[in-house]
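Report on the following structure.
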Amino acid sequence: MGEDKKTYRFAKRDLPVEEYPVASMAFNRLCDIIKDAHEANAGCVPFVFCPSFAASTRLKKQLSDEGLAFGVAVDSFKSQIRTLWELLGDGRQIPTASLRLLHMAKALAA
């Protein structure tokens with residue numbers, strides 16, 4: 001019998017949920033870099049960009065299992081931009097795709 005695969009609903013389609021763990025060799029190298037940064041105590045925090053929120057969550061879990069949960073920042077590019085905008089921006093909202101479409105429709109209707 002075939003096993004049921006996890007899916008999520010997007011744009012009226014069921015898409016498979018795939019897990020892509022960090023390759024062990026790359027993960028070991030990443031752990032070494034983080035340990036070197038901690039030992040150097042240079043006052044900087046290593047930052048790792050992941051392609052998605054789910055990938056960053058998985059990497060945080062893997063780092064936690066290795067005892068490296070603290071002293072490293074792991075985030076997706078989109079989340080980091082949003083965080084920096086909230087911190088350093090001028091208070092306006094970053095327009096989402098739907099908000100851009102709404103404003104374009106209003107501009108074209110005028």
Count I, L, V, M, F, W, Y as connected when their side-chain heavy atoms are under 4.5 Å apart, and connections chain through other members. Are Trp85 and Phe77 then in the same cluster? yes
Take atom CZ of Phe49 as the centre, draw a 6.0 Å sphere, and report whether it contains more than 12 heavy atoms from other residues, nucleotides or ligands. yes
Listing request: all salt bridge (charged side-chain N to carboxylate O under 4.0 Å, His left out) pairs with a residue in residues 63-78, at least two apart in sequence or in separate chains. Lys61-Asp65
Backbone N or O of Lys60 within a donor-acceptor pair of the Ser64 side chain at under 3.5 Å? no
Under 4.5 Å between side-chain heavy atoms, chaining through other members, with only Ile, Leu, Val, Met, Phe, Trp and Tyr counted: pull out the rest of the cluster around Leu99, sorted by chain and number. Leu102
Apart from Leu88 itself, its cluster of hydrophobic side chains linked below 4.5 Å comprises Leu84, Leu87
Residue pair Leu59 / Leu30, side-chain heavy-atom distance below 4.5 Å: yes
Does some side-chain heavy atom of Ser56 sit less than 4.5 Å from a side-chain heavy atom of Val48? no
State whether the number of non-hydrogen atoms from other residues, nucleotides or ligands found under 6.0 Å of Phe47 atom CZ is greater than 12. yes
